[in-house]
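Take a look at the structure below.
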Amino acid sequence: MLIPISNSARDYAWGSDTLIAELQGREPSGTPEAEIWFGDHPGSPSRVDDGTGRPLDRALAEVGVEPLPYLLKLLAAGMSLSIQAHPSRDQAAEGFAREEQAGVPRDAAERLYKDENHKPEIIVALSERFRALVGLRPLAETRRLLSSLPGRPGVRALAAALDEVDDEDDAAVLHRVMGWVLSGEATEVVDDLAAALTGADADDATSGFAAERAVLRRIAEQFPADPGLVVATLMNLVELSRGEALFAPAGVLHAYQDGLGVELMAASDNVLRGGLTPKRIDVPELMRIVDTGTGPAPIVEPDEIAPGVFSYDAGVPDFRLVRVEATFEAVAEIPLTGPAIVLATTGDVVVEAGGDRVELVPGTAAVVIAASVAIGGAGEAFVAQPGRR
């Protein structure tokens, strides 16, 4: 069974004015377009393109298909998303039960846990450059970054706070400093760091942090007086090229900066924010679930499982993502572990399953309910499906 689906772009303020429109080959709408959701998530279920306009969750229920364990998105960032982390499954279940018992309405602005699920996510770059802040940089490198900036009092205070105390390791230092900064008690640090970044030469390659300083300067301009600037300064900057991917597991801070990508995540809406947002930041709850361990960003290397077929397996049971470079000469046959969604991103893609056939152009998608799906034509498509359990 093949079910063509579509959805409208969501106009979050951080979205791009052009990237999704360019992918779909249409004129920009004139407002930021941040995401298009492909799936049955109740927050914005896709529509079934059969003339009825039914939401996908209803259409799947009618044929006996359980809710999808994942949500597929086109994501286009024109400016930084909020810094955020997602809970583990156990943390989500505990937080959800706590808020239910407290009687917090599920649609309340102060509600943190909308469901009992975790929300790991993977994103693959579609633009030639996709920048993101992901995970926390080793402290020695952050100290070097700060030393490359003009030595304003707040910058010196931050550098001093990042020194280890007693038997602290890097994770403990970062946990302490993040809690302090987000508490609102470090306004001088935020202001002086912003001023130092504005006054520094962002193109100075001798610092070794030219790219980081340019991104942080942009954040300081877009989010004045936001303590998330300090958190961003502690994070790894990643620049993905087209086809490269990164993974954000439970507890890992991340904030996409700019570019177009295909994002796949567990079907959850649980977000704990850590800055660069006007939305609520629950500092104690964030510090309870955040992973302040340091190290490189979690990059996912694609595995070419067949000619022109690349698997991005993050090792979670909720989802698995496959990218297909379709050609007329060789049709790719993809075995499926459950209901799948095929999303075209370039060219003209032909999708066949169970005797049904649809043609997809960039930015359009179809749900596949079959043991396998064949993808041909000439273009690129992504296949989202449940992971291996």
>> Please determine whether side chain to side chain contact (heavy atoms under 4.5 Å, CB included) holds for the pair Ile375 and Val331, giving the CA-CA distance in whole Å, both sets of side-chain angles, and the decisive distance to 0.1 Å.
In response: CA-CA 6 Å; Ile375 299 178; Val331 174; 5.8 Å; no

Is there side-chain contact between [X] and [Y], with heavy atoms separated by less than 4.5 Å?
X	Y	answer
Asp303	Phe310	no
Leu136	Met178	yes
Pro28	Asp17	no
Leu74	Leu23	yes
Val350	Glu352	yes
Arg137	Met235	no
Asp282	Leu286	no
Leu146	Thr233	yes

Between the side chain of [X] and the main-chain N/O of [Y], is any donor-acceptor distance below 3.5 Å?
X	Y	value
Asp115	Asp269	yes
Ser372	Pro335	no
Asp226	Leu276	yes
Arg176	Ala161	yes
Asp192	Gly154	yes
Asn7	Ser44	yes
Gln385	Thr337	yes
Ser46	Gly39	yes

Using a strict threshold of under 4.0 Å (side-chain N to carboxylate O), is an ion pair present between [Y] and [X]?
X	Y	answer
Glu94	Arg98	yes
Asp318	Lys119	no
Glu35	Lys73	yes
Glu100	Arg106	yes

Between [X] and [Y], which heavy-atom pair has the shortest distance, and what is it?
X	Y	result
Ala384	Leu264	CB-CD1, 3.7 Å
Pro298	Pro249	CG-CD, 4.1 Å
Glu244	Glu239	OE1-O, 4.1 Å
Arg144	Ser147	O-OG, 2.7 Å
Phe38	Ala365	CD2-CB, 3.6 Å
Leu260	Ser127	N-OG, 3.0 Å

Assess, by modelled atom type and distance only, whether the side chains of [X] and [Y] contain a donor and an acceptor separated by less than 3.5 Å.
X	Y	answer
Thr198	Arg217	no
His118	Asp90	no
Glu121	His254	yes
Asn270	Asn117	no
Asp49	Ser6	yes
Thr52	Asp50	yes
Thr31	Asp11	no
Arg320	Ser311	yes

>> Could you go through Asp191 and Arg152, starting from their C-alpha distance and side-chain angles, then the distance that decides it, and tell me whether this counts as salt bridge (Lys or Arg N to Asp or Glu O under 4.0 Å)?
In response: CA-CA 10 Å; Asp191 294 342; Arg152 299 178 68 92; over 6 Å; no

> Between Val342 and Val368, is a side chain to side chain contact (heavy atoms under 4.5 Å, CB included) present by the stated rule, with each step listed?
Replying inline: CA-CA 7 Å; Val342 180; Val368 184; 3.8 Å; yes

> Should Arg143 and Asp163 be marked as a salt bridge (Lys or Arg N to Asp or Glu O under 4.0 Å) after you check the CA-CA gap, both sets of side-chain angles, and the distance that decides it?
Replying inline: CA-CA 9 Å; Arg143 293 185 186 111; Asp163 287 335; 3.7 Å; yes

> Is the CD atom of Glu27 crowded by more than 12 outside heavy atoms at less than 6.0 Å?
Replying inline: no

> Should the heavy atoms of other residues, nucleotides or ligands under 6.0 Å from CD of Glu66 be counted, would the total exceed 12?
Replying inline: no

> Who are the side-chain contact (heavy atoms from CB on, under 4.5 Å) partners of Ala330, not counting sequence neighbours?
Replying inline: Thr327

>> Quick one, Arg111 with Glu99, criterion salt bridge (Lys or Arg N to Asp or Glu O under 4.0 Å). Give me CA distance, side-chain angles, the key distance, then yes/no.
In response: CA-CA 7 Å; Arg111 180 90 186 207; Glu99 290 188 321; 3.0 Å; yes

Same apolar cluster (I L V M F W Y, side chains within < 4.5 Å links), [X]/[Y]:
X	Y	result
Ile5	Leu71	no
Val155	Phe223	yes
Leu75	Ile122	no
Tyr312	Val324	no

Once you round to the nearest 0.5 Å, how far does [atom1] of [X] lie from [atom2] of [Y]?
X	Y	atom1	atom2	result
Leu145	Leu197	CG	CG	7.5 Å
Glu380	Thr346	CD	OG1	5.0 Å
Leu193	Leu229	CG	CG	4.5 Å
Ile341	Phe382	CD1	CZ	14.0 Å
Leu321	Leu72	CG	CG	7.0 Å
His175	Arg288	NE2	CZ	10.5 Å

> Can you check side chain to side chain contact (heavy atoms under 4.5 Å, CB included) on Leu139 and Val173, steps first, answer last?
Replying inline: CA-CA 9 Å; Leu139 271 181; Val173 172; 3.7 Å; yes

>> Please evaluate residues His41 and Ser268 with respect to the criterion side chain to side chain contact (heavy atoms under 4.5 Å, CB included), reporting the C-alpha separation (whole Å), side-chain torsions for both, the decisive distance (0.1 Å), and the verdict.
In response: CA-CA 8 Å; His41 192 285; Ser268 172; 6.0 Å; no

> Below 6.0 angstrom between ring centroids: does that apply to Tyr256 and Phe130?
Replying inline: yes

